[in-house]
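One structure is given here, and the rest of the page talks about it.
Quick note on labels: first sequence line is chain A, next is B, and so on, each numbered from 1.
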Protein chains: 2
Amino acid sequence: MPDKEMITVLEAPTREEAAEAVKSALSRRRILMMVGNCWVNYQGRARSILNPGERILIIKEDGSVLVHRPRGYEPVNWQPPGCIFHSGLEGDVLFIKAVRRKPREVLQVFFDKIYFLAAMSLLDKGEFSLHASEEEMQKAIMNQPSLIEDGLRIIAYEKKVEPGFVDVYGVDRDGRLVVIEIKRRTAGKEAVLQLSRYVDSLRGEHGRKVRGILVAPKIARQA
Amino acid sequence: MPDKEMITVLEAPTREEAAEAVKSALSRRRILMMVGNCWVNYQGRARSILNPGERILIIKEDGSVLVHRPRGYEPVNWQPPGCIFHSGLEGDVLFIKAVRRKPREVLQVFFDKIYFLAAMSLLDKGEFSLHASEEEMQKAIMNQPSLIEDGLRIIAYEKKVEPGFVDVYGVDRDGRLVVIEIKRRTAGKEAVLQLSRYVDSLRGEHGRKVRGILVAPKIARQA
DNA sequence: CGTGCCAGGTGCCAT
DNA sequence: ATGGCACTTGGCACG
């Protein structure tokens with residue numbers, strides 16, 4: 001059960017209480033969650049202004065910041081990990097300033113009403129594993145080249161890239177070089193251009209016949 | 001101040017209390033925030049497993065889902081808006097299942113400890129404005145072509161040419177066609193290739209001198 | 001470090 | 001719906 005040391009919850013705190021809790025959470029590198037009425041300025045690679053409204057603010061222990069509106073998967077404003085924080089009261093407003101160096105970016109959040117605030121330390125050692133559903137396709141091609149074409153021999157593959165994309169090099173039944181590009185998603189014209197550039201460059205290099213094969217769940221009409 | 005109707009906070013609820021609160025929040029389309037020990041399965045475009053650990057779960061009123069670990073800007077698991085939910089108790093475990101159609105994706109979160117739960121309705125009508133996007137750069141150039149070059153006349157923007165779209169299209173002081181490609185970030189060789197394809201295509205089409213201009217904060221060494 | 005490239009990318013807007 | 005493309009893209013691997 002939640003130890004008092006582990007999670008602190010304030011419902012409808014005063015701005016002074018909230019300011020104190022924010023300072024404490026940030027200095028102790030605890031995770032901070034706040035809900036209230038706020039407005040946000042961002043300046044850095046771009047510049048943005050978010051007018052007042054009710055949102056969720058999350059500051060994580062690694063110094064990343066998220067501002068979430070009531071809708072949408074993405075945060076409306078954010079700051080990547082590594083920020084340095086300043087916070088305090090400015091008149092009737094609680095401000096939190098998150099500064100990132102390299103590139104220099106500043107995010108400022110101003111609260112005039114705080115509905116609730118939570119500060120906590122979470123322990124998460126759980127392993128995360130992601131399996132691309134097309135990864136089996138890649139393995140299948142490596143193990144069973146005949147899935148693509150009879151008589152195909154695999155020579156090499158670009159194993160450095162992440163699952164979902166791999167270049168496979170092989171030789172077909174007639175001794176021609178074969179370049180296979182696997183796309184996990186619908187392949188657009190950019191994929192075709194990229195493959196054709198590979199093929200051209202290999203053709204120039206080897207002076208042999210080279211074929212390119214594009215393997216994808218779907219190909220845009222410009223095939 | 002937070003109306004009881006507006007925000008409900010449960011500290012260290014029992015699983016039964018939490019299950020009730022979750023059902024209520026989901027059916028009334030309120031925003032749900034939970035903190036506790038959980039594990040997560042995802043299956044859809046890919047497949048993932050997240051082993052047990054302490055995390056933050058947020059379900060928004062539009063049916064989007066976020067699972068956040070204690071670190072990192074990005075959610076470890078998520079679901080875009082529009083999900084349909086099922087939840088309940090399965091033995092000692094509180095489960096929440098978020099199903100998305102088109103594409104079919106299923107996210108399942110299982111809690112065995114809930115440290116904290118909040119359900120709320122937030123009102124957010126605040127306008128969001130972002131500046132210094134590529135769009136704004138384009139407008140600035142459209143309004144003030146001399147920013148690029150004296151004597152430049154703009155003819156069109158987002159003009160469709162063979163390989164794709166040209167950002168800005170004009171004629172310079174000496175009557176030569178000018179193609180301007182705008183990149184908000186460091187322009188790599190891909191941008192150069194793209195621009196050169198545009199230039200080639202237009203040169204072939206018009207049989208006139210064509211210049212390409214790349215507008216970007218920085219250009220990779222392969223210029 | 002910069003450069004390149006994938007991502008369960010997401011989102012926006014065009015046809 | 002499909003396609004094309006920008007994004008404060010973020011993230012990682014590699015030279």
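- Of the listed residues (B:Leu214, B:Ile213, B:Leu195), just one forms a side chain to side chain contact (heavy atoms under 4.5 Å, CB included) with B:Val179, and that residue is B:Leu195.
- In this structure, B:Glu190 places its CD atom 10 Å from C1' of C:dC5, rounding to the nearest Å.
- As rounded to whole Å, 16 Å separates atom C1' of D:dC7 from atom NE2 of B:His131.
- Distance B:Gln138 CD to D:dA6 P: 10 Å, rounded to the nearest Å.
- Between B:Arg211 and B:Glu149 a salt bridge is recorded (basic side-chain N to carboxylate O distance below 4.0 Å).
- Closest-nucleotide positions on DNA chain C for B:Gly188 and B:Pro80 were compared, and the one nearer the 5' end corresponds to B:Gly188.
- Legend: residues meeting side chain to side chain donor-acceptor pair (under 3.5 Å) with B:Glu105, ordered by chain and number and at least two apart, are B:Tyr42, B:Arg45, B:Arg100.
- Which of C:dT10, D:dT9, D:dT2 sits closest to the side chain of B:Lys102 comes down to D:dT2.
- Pairs of residues two or more places apart, or lying in two chains, that qualify as ring-ring contact (aromatic ring centres under 6.0 Å, His included) and include a residue from residues 57-77 of chain A are A:Tyr73-B:Trp78.
- Remark: A:Asp112 engages A:Asn37 in a side chain to side chain donor-acceptor pair (under 3.5 Å) (not counting sequence neighbours).
- When rounded to the nearest whole Å, the span between CH2 of A:Trp78 and C1' of C:dG9 equals 13 Å.
- Across the interface with DNA chain D, nearest-nucleotide mapping of A:Thr186 and B:Ala132 shows A:Thr186 to be the residue nearer the 5′ end.
- Across C:dG8 and C:dG4, the matching P atoms stand 22 Å from one another, rounded to whole Å.
- To the nearest whole angstrom, the two P atoms, one in C:dC5 and one in D:dT8, are 22 Å apart.
- As judged by a 4.0 angstrom heavy-atom cut-off over every strand, B:Gln43 is placed among residues making no nucleic acid contact.
- Panel note: side chain B:Arg69, backbone A:Gly126; a donor-acceptor pair is recorded below 3.5 Å.
- Atom-to-atom, CZ of B:Arg221 to P of C:dG2 comes out at 9 Å; the value is rounded to the nearest Å.
- Residues passing the side chain to side chain donor-acceptor pair (under 3.5 Å) test with B:Ser87, sequence neighbours excluded: none.
- Atom NZ of B:Lys218 and atom P of C:dG2 are 5 Å apart (whole Å).
- When distances run from any side-chain atom of B:Arg184 to the nucleotides D:dC5, D:dT9, C:dC5, the shortest one goes to D:dT9.
- Distances were taken from every side-chain heavy atom of B:Phe128 (C-beta onward) to each of C:dG8, C:dT3, D:dT8; the shortest belongs to D:dT8.
- Within the 4.0 Å cut-off from OP1 or OP2 of D:dA6, at least one side-chain nitrogen or oxygen of B:Lys183 is found.
- Partners of B:Ser129 under the side chain to side chain donor-acceptor pair (under 3.5 Å) rule, at least two apart in sequence or in another chain, do not exist in this structure.
- The CD1-P distance, from B:Ile219 to C:dG2, rounds to 16 Å in whole Å.
- Distance CZ (B:Arg45) to P (C:dG8): 8 Å, rounded to an integer number of Å.
- For B:Glu105, the listed nucleotide lying nearest its side chain is C:dG8; candidates were C:dG8, D:dG3, D:dA6.
- In the region residues 50-77 of chain B, proximity to DNA chain C at under 4.0 angstrom, judged on heavy atoms, holds for B:Asn77.
- Base contact: B:Arg185 has a heavy atom under 4.0 Å from a base atom.
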